[in-house]
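Accompanying notes for the structure given below.
Every chain is numbered from 1, with letters handed out A, B, ... down the list of sequences. Excluded from the calculations below are hydrogen atoms, water molecules and symmetry mates; all remaining heavy atoms, backbone and side chain alike, are included.
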Amino acid sequence: MMSASFGRRARLTHKADYQHVFAQSNRSGDRYFTVLARRNELGYPRLGLAVSRKVAKSAVIRNRVKRIVRESFRHAQEQLNSFDVVVIGRPQTGTCSNEALFASLRQHWARLATWAKS
RNA sequence: GGAGUUGGCUGGACAGCCGCCGCCCCGCGCGGAGGAAAGUCCGGGCUCCGCAGGACAAGGUGCCAGGUAAUGCCUGGGGGGCGCGAGCCCACGGAAAGUGCCACAGAAAACAUACCGCCCAAGUCCCCAGUGGACCGGUAAGGGUGAAAAGGUGCGGUAAGAGCGCACCGCGUUGCCGGUAACGGUAACGGCACGGUAAACCCCACCUGGAGCAAGACCAAAUAGGGGAGUAACAACGUGUGGUCCGCACGACUCCCGGGUAGGUCGCUACAGGCGUAUGGUGACAUACGUCGCAGAUGAAUGGCUGUCCCAGACAGAACCCGGCUUAUAGGCCAACUCCUUUC
């Protein structure tokens, strides 16, 4: 598997996949994101996004947040093997800089990596 | 040079690394957000429903002509208002079809009225017999109130006044002339009758069937019993995606077919298309020829990081597609025109 690619199979594409994660998952939260993760049987991680209009009224800001999450996930996926992850945006997310969001996400990925070992 | 008006264009650039979506000739190939993609306020295309019929209701539009697939849009013209001007603004049909309303103030607010006033000419009475007083009256010029006081100004006229008479203006009617028309001009007559309000009801003219790409078509796990075609009937009743009624279709019988939710595929981007030239037209626009190929995602792509430069990057993200309108928008550029100033 390519270390930094992010194709369709690395995403959650069905409502059922999201329901599966919401039903039973480990949670990691801070003021920017809530991250849900559940172990899967595929041997690689998958990402889903939930950024509603509550996060930001502007579609431009919501798109920016989603791109940053994807970009961060793309670089971090080596350390997150075999998890389905759903990242949920929070109202504060839209108001802060890209650097702050990347920093927040790095901490979440690190926490998931420790769950993977246990 | 300054101030301004109108119309149009643009919406950081370059390099490297790492990615995402689509297409094909599968290569380190090509393409990949906007002028508003927005608000969803109008108008169409497209799709399904009773194939779009009649009546009522409801809603919309509202000077005239043209453009257009169509419009509530655009262009040209008319009328009114604003500006020295270039230009800008107007919900701009009807108030002698009817109804309603017109607060406060004011005497009176629509069959006008008479508070302060003005006048005693005619009639009656009184006395000190006058340029007198009172009654009965006349009047609406002046004052005052109001957004608005029943045409305005001037002259005549009168007891005082009054379209009572005249001139001009306004208004109305009729005729003539110009204009496709809105409308404009003009003449005669009327003697003012017609206060405002129709984004109050209303009247008149014109327009609108309903739902929407989660439309709709196809392939199809699960689950539940249904769907199509033909024939007969169309009285009642029931059912049906139109606001109501009429009309219309279905119900019974016969024959045939497995069904269609999750999911998938299509619809899905090539057209009222962009650009250029020519011709016609004041113009919106039309016609002809040439040329270009310009996102198509579906948990939803069009990005991240680093470096350099500058004027330090506004508003903002396609979701079936077009035409408009409205609203948001840092900065920069271009053209035409107007006014002021300076120089020659």
Side-chain angles (χ1 to χ4, degrees):
Chain A
M1 192 171 106
M2 296 273 290
S3 63
S5 76
F6 183 58
R8 186 142 301 274
R9 65 171 198 164
R11 304 184 196 185
L12 300 181
T13 53
H14 297 297
K15 207 171 284 180
D17 296 330
Y18 282 84
Q19 295 300 326
H20 186 72
V21 175
F22 288 138
Q24 191 189 358
S25 60
N26 294 313
R27 287 167 188 260
S28 168
D30 64 9
R31 53 196 291 262
Y32 300 125
F33 296 106
T34 300
V35 177
L36 309 183
R38 181 171 183 175
R39 212 176 279 276
N40 67 32
E41 306 302 322
L42 297 168
Y44 56 85
R46 296 190 300 178
L47 175 68
L49 291 163
V51 182
S52 70
R53 285 181 67 83
K54 286 177 189 170
V55 176
K57 275 194 305 178
S58 159
V60 174
I61 294 172
R62 289 200 303 276
N63 278 347
R64 197 189 94 219
V65 170
K66 288 193 265 187
R67 281 168 186 150
I68 286 165
V69 174
R70 280 195 218 99
E71 190 67 18
S72 178
F73 178 85
R74 184 169 74 80
H75 289 294
Q77 56 190 320
E78 280 265 281
Q79 52 179 309
L80 315 165
N81 50 352
S82 265
F83 270 105
D84 284 347
V85 178
V86 175
V87 177
I88 301 169
R90 313 201 71 198
Q92 291 92 331
T93 313
T95 59
C96 59
S97 69
N98 293 4
E99 294 81 56
L101 296 181
F102 276 118
S104 164
L105 287 162
R106 272 195 296 277
Q107 290 179 8
H108 289 302
W109 306 144
R111 199 168 305 160
L112 262 66
T114 61
W115 295 340
K117 287 171 194 160
S118 62

Yes or no on side chain to side chain donor-acceptor pair (under 3.5 Å) for A:Arg64 and A:Asn98, after CA distance, side-chain angles and deciding distance? CA-CA 9 Å; A:Arg64 197 189 94 219; A:Asn98 293 4; 2.9 Å; yes
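When heavy atoms are screened at a 4.0 angstrom cut-off, A:Ser58 is found touching the sugar-phosphate backbone but no base atom. As judged by a 4.0 angstrom heavy-atom cut-off over every strand, A:Leu49 is placed among the base-contacting residues.
Distance alone, capped at 3.5 Å, places no donor-acceptor pair between the A:Ser104 side chain and the A:Tyr32 backbone.
The base-pairing partner of B:G34, taking Watson-Crick or G-U wobble contacts with both distances under 3.5 Å, is B:C315. Taking a pair to require two hydrogen-bonding distances under 3.5 Å in either a Watson-Crick or a G-U wobble arrangement, B:A150 remains unpaired. Remark: B:A335 base-pairs with B:U6. Criterion, Watson-Crick or G-U wobble with two distances under 3.5 Å. The partner of B:G247 cannot be assigned: no Watson-Crick or G-U wobble pair with both contacts below 3.5 Å exists in any strand. Pairing for B:G76 is with B:C64, a Watson-Crick or G-U wobble pair whose two hydrogen-bonding atom distances lie under 3.5 Å.
Here the P atom of nucleotide B:A262 and the CG atom of A:Asp17 are 17 Å apart, to the nearest Å. If you take CG of A:Leu47 and C1' of B:G299, they are 10 Å apart, rounded to a whole angstrom. As a whole-Å value, the separation of A:Leu101 CG from B:C305 P is 11 Å. When the P atom of B:C21 is taken as reference, atom CZ of A:Arg74 falls 12 Å away, rounded to whole Å. Here the C1' atom of nucleotide B:G304 and the CD atom of A:Glu99 are 11 Å apart, to the nearest Å. Between A:His75 atom NE2 and B:G303 atom P there is a gap of 15 Å when expressed in whole angstrom units. Between the NZ atom of A:Lys57 and the P atom of B:A328 there is a distance of 15 Å, rounded to whole Å.
Between the side chains of A:Asn40 and A:His20, no donor-acceptor pair is found at a separation under 3.5 Å.
Of the listed nucleotides (B:G299, B:C305, B:G19), B:C305 has the atom at the smallest distance from the side chain of A:Phe102.
You'll find the side chain of A:Ile68 reaches within 4.5 Å of the side chain of A:Leu105, heavy atoms only.
Annotation: side chain to side chain donor-acceptor pair (under 3.5 Å) contacts of A:Ser72 (sequence neighbours excluded): A:Trp109.
A salt bridge links A:Arg46 with A:Asp84: the closest approach of a Lys/Arg side-chain nitrogen to an acidic carboxylate oxygen falls below 4.0 angstrom.
The stretch residues 59-68 of chain A touches RNA chain B through A:Ala59, A:Val60, A:Asn63, A:Arg67, each having a heavy atom under 4.0 angstrom from the strand.
Nucleotide B:A33 is shown with a syn base, its glycosidic torsion being within 90° of 0.
Dashed line: the shortest gap from a side-chain N or O of A:Arg70 to OP1 or OP2 of B:A301 is under 4.0 Å. For B:A300, the OP1/OP2 oxygens have a side-chain nitrogen or oxygen of A:Arg11 closer than 4.0 Å.
In this structure, the separation between NE2 on A:His75 and CD on A:Glu71 is 4.0 Å, given to the nearest 0.5 Å.
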